[in-house]
Amino acid sequence: MYMTMVATCLLGIEGLVADELKNMDAHNVNAHNGRVFFEGDETILARANIWSRYSERILIVLDTFVASTFEELFQGVRALPWSEFIGRDDTFPVKGFCINSALHSVPDCQSIVKKAVVESLKEDYNISWFQETGPVHQIQFSIMKDEVTVMLDTSGPGLHKRGYRPVGNDAPIRETLAAAMCSLSRLRHYHTMYDPCCGSGTILIEGAMMAHNIAPGINRNFDVDRWGFIPERVWMSERERCHDLIKKDTDFVAFGSDIDPHAIQLTMRNAHNIKVDKFLRLSVADIKNFDPTTERGTLITNPPYGERMLDIRTAEGIYRTMGEKFVARRGWSYGIISPDEEFEKAFGRKADKRRKLYNGMIKCQYYMYFK
């Protein structure tokens with residue numbers, strides 16, 4: 001079946017999502033704020049879930065139509081082919097949002113969408129009551145300026161949940177954002193990577209996975225697994241492809257350090273869960289003692305900052321220390337994410353490039369130094 005789909009993502013990385021979808025052979029890729037639309041068949045749907053490093057979810061787009069009344073919303077949703085996706089015993093909760101629309105009450109819209117789906121399924125299955133004991137088919141809707149988009153979430157738990165990090169430290173960075181930072185820093189399989197504020201190791205682990213072309217979804221399942229919608233041969237083929245494409249022989253090594261011994265223990269445990277621990281060299285160390293021994297390095301880090309864990313003055317002290325330790329020299333690049341607009345002033349020099357990113361709901365800048 002040829003479908004329209006959408007990948008949701010953190011603001012600022014839509015271009016990365018679009019590029020990776022094109023590399024997966026998706027068609028008609030089109031990026032918007034926080035969403036990237038694309039087209040493909042069941043293989044592309046499975047591949048996007050397994051392989052996307054930067055997306056949060058992959059959804060099937062059932063339709064887009066205009067509705068400014070509850071009746072228009074009801075009829076538009078009811079007309080969709082729900083029985084092609086939802087079985088008579090399946091569970092189908094509804095959630096969504098409304099922005100700048102005549103229909104602005106989310107609970108009321110949820111109720112109308114649910115009722116419309118039930119009426120459609122009643123007609124197709126000739127039953128009056130749905131037990132909803134089967135696999136979950138999460139229905140999502142968005143209503144923006146009266147334009148309704150109705151979708152089915154195929155991922156289940158967000159794609160940032162790779163499965164290797166059951167426990168984080170006080171302020172973990174999302175896996176999809178860590179992967180995006182590695183991509184923006186152009187990390188390669190022959191690089192030496194550094195993170196001197198590694199926390200629970202997310203940036204190091206995402207870097208090691210990217211360097212070795214390990215699919216982020218290689219160890220997890222998705223809601224669409226249980227629908228019977230994608231043939232088993234497709235899943236088998238895509239998962240075999242995951243293992244075939246892993247880079248086995250690289251020069252990659254990653255040095256991580258943190259002032260907290262517990263963080264180093266967490267990093268090693270998480271890295272072991274995804275089998276990249278052998279590429280990591282970890283130590284307990286204060287950033288003021290950062291003294292790399294290699295000639296080249298790609299440093300990517302998420303230092304603690306005022307809004308997150310420390311007071312502003314302490315955070316700025318760390319930035320000043322970084323400016324002293326992260327010396328501009330041939331063969332080195334530094335990528336630092338921070339919400340502090342005065343970061344460059346504390347660091348001591350202007351970034352060669354900066355990129356606006358979001359860490360959760362916190363607006364940040366990714367400061368990149370490579371000259």
Side-chain angles (χ1 to χ4, degrees), residues 10 20 46-58 155-183 185 187 189 191-226 235-236 238-285 298 300-302 337 359-360:
L10 295 171
E20 69 174 358
R47 186 174 297 169
N49 271 298
I50 293 171
W51 274 100
S52 182
R53 294 191 191 280
Y54 319 115
S55 302
E56 297 300 317
R57 296 181 180 281
I58 306 297
S155 300
L159 296 181
H160 68 278
K161 295 183 178 179
R162 323 288 208 209
Y164 64 74
R165 193 177 72 176
V167 180
N169 61 347
D170 287 342
I173 191 169
R174 188 167 288 200
E175 293 86 338
T176 44
L177 179 58
M181 290 161 58
C182 291
S183 179
S185 289
L187 185 69
H189 63 87
H191 282 186
T192 301
M193 182 183 181
Y194 285 86
D195 183 358
C197 303
C198 70
S200 57
T202 306
I203 295 174
L204 294 170
I205 293 167
E206 290 296 325
M209 290 174 67
M210 181 179 293
H212 294 90
N213 205 34
I214 298 170
I218 196 169
N219 287 340
R220 60 159 285 177
N221 294 314
F222 312 94
D223 273 6
V224 72
D225 285 356
R226 295 178 284 275
W235 286 116
M236 290 178 64
E238 286 302 307
R239 294 196 183 280
E240 284 176 15
R241 184 170 174 267
C242 286
H243 292 280
D244 291 342
L245 292 176
I246 293 174
K247 287 186 171 73
K248 301 291 197 301
D249 185 19
T250 76
D251 297 321
F252 180 85
V253 64
F255 292 89
S257 56
D258 198 282
I259 197 170
D260 180 6
H262 178 61
I264 296 301
Q265 292 172 1
L266 270 179
T267 296
M268 185 53 73
R269 191 182 314 157
N270 293 340
H272 177 74
N273 289 339
I274 197 68
K275 297 182 174 60
V276 296
D277 47 311
K278 63 183 178 182
F279 305 111
L280 272 53
R281 310 289 182 266
L282 304 176
S283 62
V284 178
T298 303
I300 304 168
T301 195
N302 173 37
I337 191 168
N359 188 2

Mind checking side chain to side chain contact (heavy atoms under 4.5 Å, CB included) for Asn273 and listing every partner two or more places apart, or none if nothing turns up?
Tyr164, Pro166, Asn270

Non-neighbouring partners of Arg174 that pass salt bridge (charged side-chain N to carboxylate O under 4.0 Å, His left out), sequence neighbours left out
Glu56

Straight-line distance of Leu280 CG to Leu282 CG, nearest 0.5 Å:
5.0 Å

One should read off an interatomic distance between Met209 CE and Leu204 CG, to the nearest 0.5 angstrom, of 13.0 Å

Apply side chain to side chain donor-acceptor pair (under 3.5 Å) to Arg162 and list each qualifying residue two or more places apart in sequence or on a separate chain.
Glu206

Suppose we screen for salt bridge (charged side-chain N to carboxylate O under 4.0 Å, His left out). Which residues come up paired with Arg241, at least two apart in sequence or across chains?
Glu238

Measuring from atom OG1 of Thr301 to atom CG of Asp195, what distance do you get when rounded to the nearest 0.5 angstrom?
3.5 Å

With sequence neighbours excluded, what pairs up with Asp223 under the salt bridge (charged side-chain N to carboxylate O under 4.0 Å, His left out) test?
Arg226

May I have the step-by-step check of side chain to side chain donor-acceptor pair (under 3.5 Å) for Arg53 and Ser183, ending in yes or no?
CA-CA 10 Å; Arg53 294 191 191 280; Ser183 179; over 6 Å; no

Those residues at least two apart in sequence (or on a different chain) that pass side chain to side chain donor-acceptor pair (under 3.5 Å) with Thr250 are His212

How long is the gap from CD1 on Ile337 to SG on Cys197, to the nearest 0.5 Å?
13.0 Å

Donor-acceptor under 3.5 Å (Asn49 side chain, Ala46 main chain):
no

From Cys198 atom SG to Ile173 atom CD1, the distance as rounded to the nearest 0.5 Å:
12.5 Å

Main-chain N/O of Ile58 paired with Ser155 side-chain donor or acceptor, under 3.5 Å:
yes

Taking ring pair (Phe, Tyr, Trp, His ring centres under 6.0 Å) as the definition, give me every residue that meets it alongside Tyr54, ordered by chain and number, with sequence neighbours left out.
none

Going through the distances and angles, do Met193 and Ile203 end up as a side chain to side chain contact (heavy atoms under 4.5 Å, CB included)?
CA-CA 10 Å; Met193 182 183 181; Ile203 295 174; 3.5 Å; yes

What pairs with Arg281 under side chain to side chain contact (heavy atoms under 4.5 Å, CB included), at least two apart in sequence or on another chain?
Val253, Phe255

Sorted by chain and residue number, the side chain to side chain donor-acceptor pair (under 3.5 Å) partners of Ser185 (sequence neighbours excluded) come out as Tyr366

For Ile264 and Gly256, which heavy atoms make the closest approach, and how far apart are they?
CD1-O, 4.4 Å

For Glu20, give me all partners under side chain to side chain donor-acceptor pair (under 3.5 Å), at least two apart in sequence or on another chain.
Ser52

Within the distance-only criterion (no hydrogens, no angle test), does the side chain of Asn213 pair as donor or acceptor with the backbone N or O of Leu245 below 3.5 angstrom?
yes

Heavy-atom donor-acceptor pair, Thr267 side chain to Gly199 backbone, under 3.5 Å:
yes

Enter the distance from Leu10:CG to Leu177:CG here, rounded to the nearest 0.5 Å.
6.0 Å

